[in-house]
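In what follows, chains carry the letters A, B, and so on, assigned in the order in which the sequence lines appear, proteins first and then strands, with residues in each chain numbered from 1.
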Protein chains: 6
Amino acid sequence: MESERINVNGYPCKNAVNVTEVDFFFGGLANSAVINNLVGSVITTANVEKILGLNTLGVSLARIDYQPDGLNPPHTHPRASEIIFVLDGELDVGFITTANKLISKSIKIGDIFVFPEGLVHYQKNNGVKPASVIAGFNSQFPGTQSIATTLFTSTPLVPDHVLTKGFQIGTKGVKKMRSKLAPKKNETIGLY
Amino acid sequence: MESERINVNGYPCKNAVNVTEVDFFFGGLANSAVINNLVGSVITTANVEKILGLNTLGVSLARIDYQPDGLNPPHTHPRASEIIFVLDGELDVGFITTANKLISKSIKIGDIFVFPEGLVHYQKNNGVKPASVIAGFNSQFPGTQSIATTLFTSTPLVPDHVLTKGFQIGTKGVKKMRSKLAPKKNETIGLY
Amino acid sequence: MESERINVNGYPCKNAVNVTEVDFFFGGLANSAVINNLVGSVITTANVEKILGLNTLGVSLARIDYQPDGLNPPHTHPRASEIIFVLDGELDVGFITTANKLISKSIKIGDIFVFPEGLVHYQKNNGVKPASVIAGFNSQFPGTQSIATTLFTSTPLVPDHVLTKGFQIGTKGVKKMRSKLAPKKNETIGLY
Amino acid sequence: MESERINVNGYPCKNAVNVTEVDFFFGGLANSAVINNLVGSVITTANVEKILGLNTLGVSLARIDYQPDGLNPPHTHPRASEIIFVLDGELDVGFITTANKLISKSIKIGDIFVFPEGLVHYQKNNGVKPASVIAGFNSQFPGTQSIATTLFTSTPLVPDHVLTKGFQIGTKGVKKMRSKLAPKKNETIGLY
Amino acid sequence: MESERINVNGYPCKNAVNVTEVDFFFGGLANSAVINNLVGSVITTANVEKILGLNTLGVSLARIDYQPDGLNPPHTHPRASEIIFVLDGELDVGFITTANKLISKSIKIGDIFVFPEGLVHYQKNNGVKPASVIAGFNSQFPGTQSIATTLFTSTPLVPDHVLTKGFQIGTKGVKKMRSKLAPKKNETIGLY
Amino acid sequence: MESERINVNGYPCKNAVNVTEVDFFFGGLANSAVINNLVGSVITTANVEKILGLNTLGVSLARIDYQPDGLNPPHTHPRASEIIFVLDGELDVGFITTANKLISKSIKIGDIFVFPEGLVHYQKNNGVKPASVIAGFNSQFPGTQSIATTLFTSTPLVPDHVLTKGFQIGTKGVKKMRSKLAPKKNETIGLY
């Protein structure tokens, strides 16, 4: 039961005698997520919170769905590298190196692309039909930080002066971006 | 150039200035592999040998294709845990714990199953149409040992007395299994 | 007390103030194990289950005893490399690489041999007197999977069709091997 | 000699016999950096590129200097956690968790604050005199990605449509931010 | 509450919802420690025992203060490499390699020096005024063993014959060293 | 060939095709070392310098021989935990924790004892006949620092004032200890 869980550098390990196939199975990535948000994409994770048997194993998956023109906006995974396989559709993908070089490519169904640990990256559906990918991570709990959401809609808010100086925009600009980026009522958000 | 590569605890890192999108891309898992072997399945890897940018990143993928009744026979990955996502079809999958308990399940398109690091596991297509999965690993070079092939067809051969005693079969039995398991001419083998 | 132990990614650490020399000591590898089984060998572990002070230290030992003609049958350690030192007798040892090459050698008292992480390996006493080794592992809990036992005697059983196809033998052959490999009454088994 | 260096998963280790105290010393953090840029802060690293003896040791330092009102704008370190000690002045610091919660605090000379691995964080000098910190990292080469610079001034540029959708701004807004954030002639940049 | 803490391979992680800035802050290195002991130096740690948010992050800091002629006597950190930054004063520092070579240097305010993992090292204030350093470690709990204190003042005592033979001194010499090294009443000790 | 070896964060990996059983074998621990030194013990290593196949495997062994009254004097292994198995004889063994508590025990043939990573420890033969142990390490190159030798006989020497203050002895005492601890002509030293 969730409320009994002790959170100790991960999760308690079940006694090996009580482990069953349920601890190693997840059916929640079978279908496209419903997409109903500004950016037009949703990430659904299959990490240790969903699959208890992943505890200590250092690996997990996620599914990302994109509507036409949908964007998985610039984000990072603080604890893992990522490698995606395109299930359907066509994507423009890219990451930026610490030398500030953009590494980008158009990829299509069946293609693979790699995003090194901790670097800012994005995927954009530039096709006319929905797209989806399966992503592999070398962490049972990689975490995700979506850059714009993190900086403009956190609780409490990042101070104005950090954003105006950091992005070289005015206070009005910050206000506008915060308002636009704020999660809408009934908006689909990622199933982290 | 391949012939210039120095193999040093992995691979030499390219100078960051010379890295391009090609180093992070692979198109070789887009299509089903041709299956023409005894067991009726083929594994195609997308590891650091195919994608140089995976070097030091600790993650990789593979694709496994199964014809109807095809089996990815009992095997281990010596350096990684594995998590599969079913692209197509239906599979019976299982692994055995170090307490000699079989953990198994029937899974279908869109399902996920986990095989903990180093444990013997298999997948069997019990459906009437082809099946395929994408597998994620927490290693850039997980390695694979197919149990029967490893024990009965290595070069040089594992001594008879190890196999007769280990499997409690006669010398004739060993000879027969070696003969049946030996790779056939024109046989499809895994693209490791 | 065993029943009070919480199994959390290993074991709870004692308060440093309560640690005593007992937590770092084990006397259970001093003598040869009694060998009374089909394969003629027994492994006795000295891991974190026996020595609580090994928790978080990432190292352990084991002792393996072999009667004349005894075999430590093909097996893997899913979480560790192994390095053995021959205490007594003569052994034929080997492991198979992921390139399906057998690396084998005859070794004798005082010799050392290495089995890389996760690879299938065996040791056979081909001398006329008992043999024994001490094995070092880079894990406090390396685990062991004996291949034939794992595949032919697990609970529940690995399905027939996985074994007939995987080993290219008939159902009768599977049945016979299961019957021969099943643990006998009073049989010595490893002290894992 | 720099030009002879082979870059192999880090750096080649010197023969232990040839190691001298120079390999473990660095004097380059002794003084405040000259600050002459938009954000009003400069980071100077003391990592394996400056101190060859750090190779394989997994630790490094950096110094950050801030003019009054200076900001170390929102950024991440893809391969390390960070812990800072305030050498001088007063700072408002913060990081955002993967649950989108801002953790922030005003700190002053002698105080310590922690930024967990890979999370977006910033430091702002809200005092009227210069400030500086020493930062410790658990990596010999932690890397830095300054969010705004990475997204708006990379080479080549991140496509407009990624930024307009990701930040919910117009193309004009993107253009303006790119122009303002572009490095100026004679601008001080970080000594990474 | 301290008394409720379960010590499990580190510390239990707080629920992310309950984390606050207090978990990532420490003010205890702001001032010089009071030095009132034989060696004339005091180390004050900022590790996971002081900053709970460091749990699982693998990094920490410490401050060392030295009176004129003060010595941080030969010691090791069993679980971390160390990199120091001189806050004030001048020091003679050194470590000895496993090839028994002393690597030493005089360093002054603003300089950096590295002590590789687990090696015996020391710092000596040879200036006429107090000195202090900030030390970074790649462990949240690096530990410290001061060699002379460890060997001559442990509880219970290291047997005489180990020390007489190990240091090639007489029993009287051992007795004398034990008496001189024993902590004095009111003596300042390190704030580990 | 030794002279061709490039020393890069360990050793270059042989091409898998060229690996042979020689790369995984070592015969050099078969016999007791000749002991002809002050302390009456010799350590002989079986690490990656002797067994090239250990590269990247993270494990190694050593043998220690003790004459009657022989001491393996207080020392540390900077990069590994250690677990010993007594091959012959009786030993008094101990280590000191970072809380300055001595954990010690008398052990005899067949017994096991653990020395946690990086902590000062010793073994003393208090029996009337030779003793020997096999030691397992979780590193392919654990390293050893013998405390007295390191501090009193390094090249160049540790400055007098560090030793007089650190050990609370006079300059004469330091001189005497240096002279006694200096390696003698024809002295057996450890085969590291």
Contact check, side chains of [X] and [Y], non-hydrogen atoms, under 4.5 Å:
{"X": "Gln140(E)", "Y": "Asn47(E)", "answer": "no"}
{"X": "Ile169(D)", "Y": "Met177(D)", "answer": "yes"}
{"X": "Lys129(E)", "Y": "Asp88(E)", "answer": "yes"}

Answer key: most heavy-atom pairs under 4.5 Å with chain D among Gly136(E), Ser81(E), Gly27(E) is Ser81(E)
Using a 4.5 angstrom heavy-atom cutoff, name the option from Leu54(E), Ile84(E), Asn31(E) with the most pairs to chain D. Leu54(E)
Below 4.5 Å from any heavy atom of chain D, which atoms of [X] appear? Answer side chain, backbone, both or neither.
{"X": "Ile83(E)", "value": "both"}
{"X": "Phe137(E)", "value": "backbone"}
{"X": "Leu102(E)", "value": "neither"}

Heavy-atom count around Lys108(E) NZ within 6.0 Å, excluding the residue itself: above 12?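 Counting other residues, nucleotides and ligands, NZ of Lys108(E) stays at 12 neighbours or fewer.
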Checking heavy atoms, do the side chain of Ile134(D), its backbone, both or neither come under 4.5 Å from chain E?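 Side chain only.
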Considering only heavy atoms, give the residues of residues 57-74 of chain E separated from chain D by less than 4.5 Å, sorted numerically, with 'none' for an empty result.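 The list, in residue order, reads Leu57(E), Gly58(E), Val59(E), Ser60(E), Leu61(E), Arg63(E).
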Under 6.0 Å between ring centres: does that hold for Phe85(E) and Phe85(D)?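 Ring-ring flag for Phe85(E)/Phe85(D): false, centres at least 6.0 Å apart.
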Applying salt bridge (charged side-chain N to carboxylate O under 4.0 Å, His left out), name anything that partners Arg178(E), two or more places apart in sequence or on another chain.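 Applying salt bridge (charged side-chain N to carboxylate O under 4.0 Å, His left out) to Arg178(E) gives Asp160(E).
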Parallel, tilted or perpendicular: ring planes of Phe25(E) versus Phe113(D), cut at 30 and 60 degrees: tilted
Aromatic rings Phe95(D) and Phe115(D): how do their planes relate, parallel, tilted or perpendicular, breaks at 30° and 60°?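 Plane angle over 60°, so perpendicular.
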For the student: nearest non-hydrogen atoms of Val86(D) and Leu91(D), plus distance: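 Scanning both residues completely, I find the closest heavy atoms to be CG2-CD1, 4.5 Å.
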